[in-house]
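For reference, the structure is listed below as structure tokens.
Just so you know, ligand 1 is whichever comes first in the structure, and atom 1 is the first atom listed for that ligand. Numbers for residues simply follow the sequence, beginning at 1. Owing to the predicted nature of the structure, the values given are computational and were not obtained by experimental measurement.
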Amino acid sequence: MHGKSKSIDEMSVRELAEYWYVLFNRTVLDLNLNVQYTKAYCLDLAEMATEIRRIASERNLLLLDHYYVRPEIQKTCHFVGDSLGLGLKAQELVQNQSGQITAVWLSAVRFMGDTVKIVLGDNIPVYMPKFSGCSLVASLHGVHFDYRRHSEQETSIKLLEKPQSEHPIDVWFKENPGGIVLSYMNSDVESKRKSWAVFTSRNALKVLEYAMKENPGKRVYMLPDQFLSNFVLEIARANNNPWIKPELVDVFEGMCHVHAQKISPFALDEALLQHPDAALLVHPECGCAVNCFIRVAKGLIPRPTFIGFTQEMIEYAKRPDTPHEIIVATEAGHVFTLRDLVPNKIFYPVTSNATCEFMKATKLEDLYNAIKNPDWSNYEIKLSSETIRDARPAIDRMRANA
Ligand code: SF4
């Protein structure tokens, strides 16, 4: 738990409702969550959260969630993290409390649940209240979304193309036998299973270099985020990296709709114009912030800028020598975290529309209903032992280069 000194387990339902009413109305009103945190609603949420925590304590459950999910879920769970952090934290906690944690419940998108399951292996069940997708992962299967904002409150996201049946990696392997695949963390379990290594936004360059060093002369397929992959190649070219041969690398043309249609270069320029004294913080977590990541790395933003993961962002924001106003270039969930933990500074989302519908699809009610259900089988992440075994080396190579 982050935030107040009294933990959620020590508060009465009414105290929790009052705390959340004040907190959420201070921190998320402009984040386009399509919900009003009225006193009555906060009381409902507090009742559900208290019951979820009671069941978690009674059954020794570990509740995890991602920073992009709704704030009330973040405040209910034991640990909130980014996609890599969730897997690592789950492993650490499960190992440290050997035998005590009986199951993990994760609120996030499906590929994150798969990663936690791969890291934890067969020993412990992993459940999700909802198996939400991700537009970047869906683009691997030829599925593209069209996002539209109709008004301040109303947005829509619709499917544009039907999925294709053959996995793009299989198609590529037919033309490139003996090649190797590197997949971004934000990919499906099939990609991870077929990959030589997985990478994150932060270690993409390092993993590509390592892969080309270890597999000289082999063709490489990077996927699914075309912006991140092309950016890494551009950096390698600019630095004359002796190991990376861009002519041997093929890039899959996938994208995240939040990145492509929401946190665009235009939105960033607009935010910089509106807040001339603000610093810029970029979290390289998802496809959504890659645009900003690229411009910052190229030195194109004439402002104090900082790229870092959540804990580093919080430490940067807390420092007395960093600007009082800060634009946050990533999904709106991080704005909530920063406003919660650093109340003396002002944080602006790069656009009030920087929300991922897939991450917001899980509601506290879903977690509550799922955990209260006597039969959890429909919520379990089921991966075969072979899939876990095959996917783990790629994850291990990512961790070795973290
Ligand atoms: S922000 Fe983009 S990459 Fe991240 S979960 Fe949402 S759709 Fe996927």
Side-chain angles (χ1 to χ4, degrees), residues 31-34 64-70 73-74 80-87 106-116 128-149 155-161 163 183-189 191-192 198-202 204 222-229 231 252-264 267-268 282-294 309-310 328-337 349-362:
L31 301 186
N32 210 21
L33 297 181
N34 291 334
L64 302 176
D65 70 282
H66 189 270
Y67 283 106
Y68 291 5
V69 301
R70 292 174 178 276
I73 300 182
Q74 292 193 37
V80 50
D82 52 42
S83 52
L84 174 60
L86 284 170
L106 171 69
S107 301
V109 288
R110 172 69 203 238
F111 77 79
M112 294 176 179
D114 288 336
T115 308
V116 170
M128 296 187 79
K130 211 172 221 181
F131 295 119
S132 301
C134 155
S135 59
L136 183 56
V137 173
S139 67
L140 272 168
H141 304 280
V143 179
H144 296 285
F145 293 93
D146 184 41
Y147 161 79
R148 294 284 150 97
R149 186 175 195 181
T155 58
S156 68
I157 182 158
K158 90 172 178 228
L159 200 64
L160 282 187
E161 289 170 39
S183 8
Y184 188 24
M185 177 65 117
N186 302 24
S187 60
D188 61 350
V189 73
S191 298
K192 292 184 176 84
V198 171
F199 60 88
T200 64
S201 318
R202 179 175 278 209
M222 286 186 86
L223 77 174
D225 189 324
Q226 58 178 302
F227 300 103
L228 180 59
S229 305
F231 169 62
F252 179 83
E253 293 187 348
M255 67 172 77
C256 152
H257 77 289
V258 183
H259 165 199
Q261 294 180 288
K262 293 184 172 191
I263 308 182
S264 63
L268 179 58
V282 184
H283 188 294
E285 162 70 350
C286 257
C288 62
V290 169
N291 257 324
C292 307
F293 185 53
I294 292 171
F309 283 98
T310 310
V328 185
T330 185
E331 212 269 355
H334 275 116
V335 178
F336 162 67
T337 307
V350 72
T351 151
S352 62
N353 207 19
T355 47
C356 170
E357 290 78 1
F358 300 100
M359 282 287 191
K360 299 292 182 285
T362 304

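Between Y184 and S191, the side chains place no donor N or O within less than 3.5 Å of an acceptor N or O (distance only, hydrogens not considered).
When all heavy atoms of D65 and V69 are compared, the pair lying nearest together is OD2-CG2, 3.3 Å.
Listed by atom number, the atoms of ligand 1 under 4.0 Å from S135 heavy atoms are 7 (S). Listed by atom number, the atoms of ligand 1 under 4.0 Å from N186 heavy atoms are 3 (S). Near C134, meaning under 4.0 Å from one of its heavy atoms, ligand 1 places the atoms 3 (S), 5 (S), 7 (S), 8 (Fe).
With sequence neighbours excluded, the residues satisfying side-chain contact (heavy atoms from CB on, under 4.5 Å) with V198 are M185, K192, A394, I395, M398. Contacts of T362 classified as side-chain contact (heavy atoms from CB on, under 4.5 Å), with partners at least two apart in sequence or in another chain: I73, S107, P129, K130, S132, D366.
Atom 8 (Fe) of ligand 1 has no N, O or S atom of C356 closer than 2.8 Å. The nearest N, O or S atom of C256 is closer to atom 2 (Fe) of ligand 1 than 2.8 Å.
Interatomic distance, S229 OG to F252 CZ, rounded to the nearest 0.5 Å: 10.0 Å.
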